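First the structure, in the form of structure tokens, and then the observations on it.
All ligand and atom numbering here is 1-based and tracks the order in the structure. Here the structure is a predicted model, which is why all the values come from computation and not from measurement.
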Amino acid sequence: MSNTYVYPYKNALYINLTNRCSNDCDFCLRRTSNGVGEYNLWLDGEPDAAAVLAAVDGYGLRQVSEVVFCGFGEPTMALPVLLDAARGIRARRPDLPIRINTNGQANLIHGRDVTGELAGLVDIVSVSLNAPTAEEYDALCHPEHGPAAFDAVLDFCRKCAARGIRVTMSVIDTLGEEKIAACRKIAGDAGATLRVRPYIG
Ligand code: SF4
């Protein structure tokens, strides 16, 4: 365990708010590793926004080109901390793009439309789509909300895009051409672009 709330990777600063997630994906990195590179991302406890911003200030924002709320878990599980930390980052460097890497289930998790709270603070949401149908998504990601999670993910993307947030959806390259093409259509219909990323075993 550790308290790595913030870690640099390439030109970005990554923020690790929580180890909780509403999915339990077969391919989740948390099944096979303790973190990313040298960083152990299992947390002793979740940080508040002040602790996150103190860690951000420890690295500084002058040299980075992006801040990413990521994992080891689903960052919107800790939505109030995410919003407060994003406000603090925005105040420190208004020009710096802020992204969240998410499973897209924030509205389902919180039982309301939270995209209005993200708009103006978050520039990009990168959503793991993973599969072209609710059944395949359910079989692969085991969402605690069941097969309804898939449509909720698509609805979240549409709402983010409608609010002017840039939305990308991602699948892994082992999905196969036909399913990737179906996912590209789904992403386009939701106002998103599809990113095909390499599988990390
Ligand atoms: S959504 Fe992300 S953090 Fe959650 S189980 Fe899937 S891969 Fe892991």
Side-chain angles (χ1 to χ4, degrees), residues 1-7 9 12-37 39-47 52 66-79 81-82 85 98-111 114-115 118 122 124-157 159-160 165 167-175 179-180 183 186-187 190 192 194-201:
M1 304 290 261
S2 72
N3 285 310
T4 304
Y5 307 143
V6 171
Y7 58 98
Y9 181 67
L13 207 56
Y14 283 75
I15 299 183
N16 175 32
L17 296 181
T18 181
N19 294 146
R20 292 178 289 147
C21 187
S22 52
N23 275 355
D24 184 18
C25 303
D26 288 343
F27 54 85
C28 185
L29 206 57
R30 300 179 309 166
R31 289 175 177 251
T32 53
S33 106
N34 288 324
V36 174
Y39 301 105
N40 184 332
L41 299 179
W42 290 114
L43 298 169
D44 294 322
E46 294 187 3
V52 172
E66 186 178 33
V67 166
V68 185
F69 290 88
C70 192
F72 237 32
E74 166 51 38
T76 66
M77 296 290 285
L79 185 67
V81 178
L82 187 159
I98 296 175
R99 167 161 57 110
I100 56 174
N101 288 354
T102 175
N103 64 18
Q105 295 175 21
N107 290 351
L108 200 56
I109 292 165
H110 296 286
V114 305
T115 58
L118 299 174
V122 172
I124 306 157
V125 296
S126 179
V127 177
S128 302
L129 177 61
N130 299 323
T133 68
E135 292 71 24
E136 287 168 272
Y137 183 87
D138 188 54
L140 189 64
C141 300
H142 312 289
E144 65 184 37
H145 297 93
F150 186 74
D151 282 345
V153 170
L154 302 188
D155 188 60
F156 174 81
C157 291
K159 285 186 163 77
C160 284
I165 300 172
V167 184
T168 65
M169 298 169 104
S170 67
V171 294
I172 51 176
D173 57 5
T174 52
L175 197 59
K179 290 182 182 180
I180 289 174
C183 289
I186 289 168
L194 189 76
R195 186 169 72 88
V196 181
R197 58 191 161 83
Y199 173 70
I200 302 170

**Message:** Would you say atom 6 (Fe) of ligand 1 makes contact with the protein, given that contact here means a non-hydrogen protein atom less than 4.0 Å away?
**Reply:** yes
**Prompt:** Rounded to the nearest 0.5 Å, how far does CG of Leu41 lie from OG1 of Thr4?
**Reply:** 6.0 Å
**Asked** Do Arg99 and Glu66 sit within salt-bridge range, that is, some charged N less than 4.0 Å from a carboxylate O?
**Response** yes
**Asked** What is the distance from atom CG of Asn19 to atom CH2 of Trp42, rounded to the nearest 0.5 Å?
**Response** 5.5 Å
**Request:** Check whether the side chains of Asp44 and Asn3 place a donor and an acceptor atom closer than 3.5 Å, and report yes or no.
**Result:** yes
**Complete:** Among non-hydrogen protein atoms, atom 1 (S) of ligand 1 lies closest to Cys21 SG, 3.5 Å
**Whether Cys25 has an N, O or S atom under 2.8 Å from atom 8 (Fe) of ligand 1** = no
**Asked** Starting from atom 8 (Fe) of ligand 1, which protein heavy atom do you reach first, and at what distance in Å?
**Response** Cys28 SG, 2.3 Å
**Request:** Compute whether any side-chain donor of one residue and acceptor of the other, for Asn23 and Glu144, lie under 3.5 angstrom apart.
**Result:** no
**Item:** Distance filter under 4.0 Å to Asn103 heavy atoms, resulting ligand 1 atoms
**Value:** 1 (S)
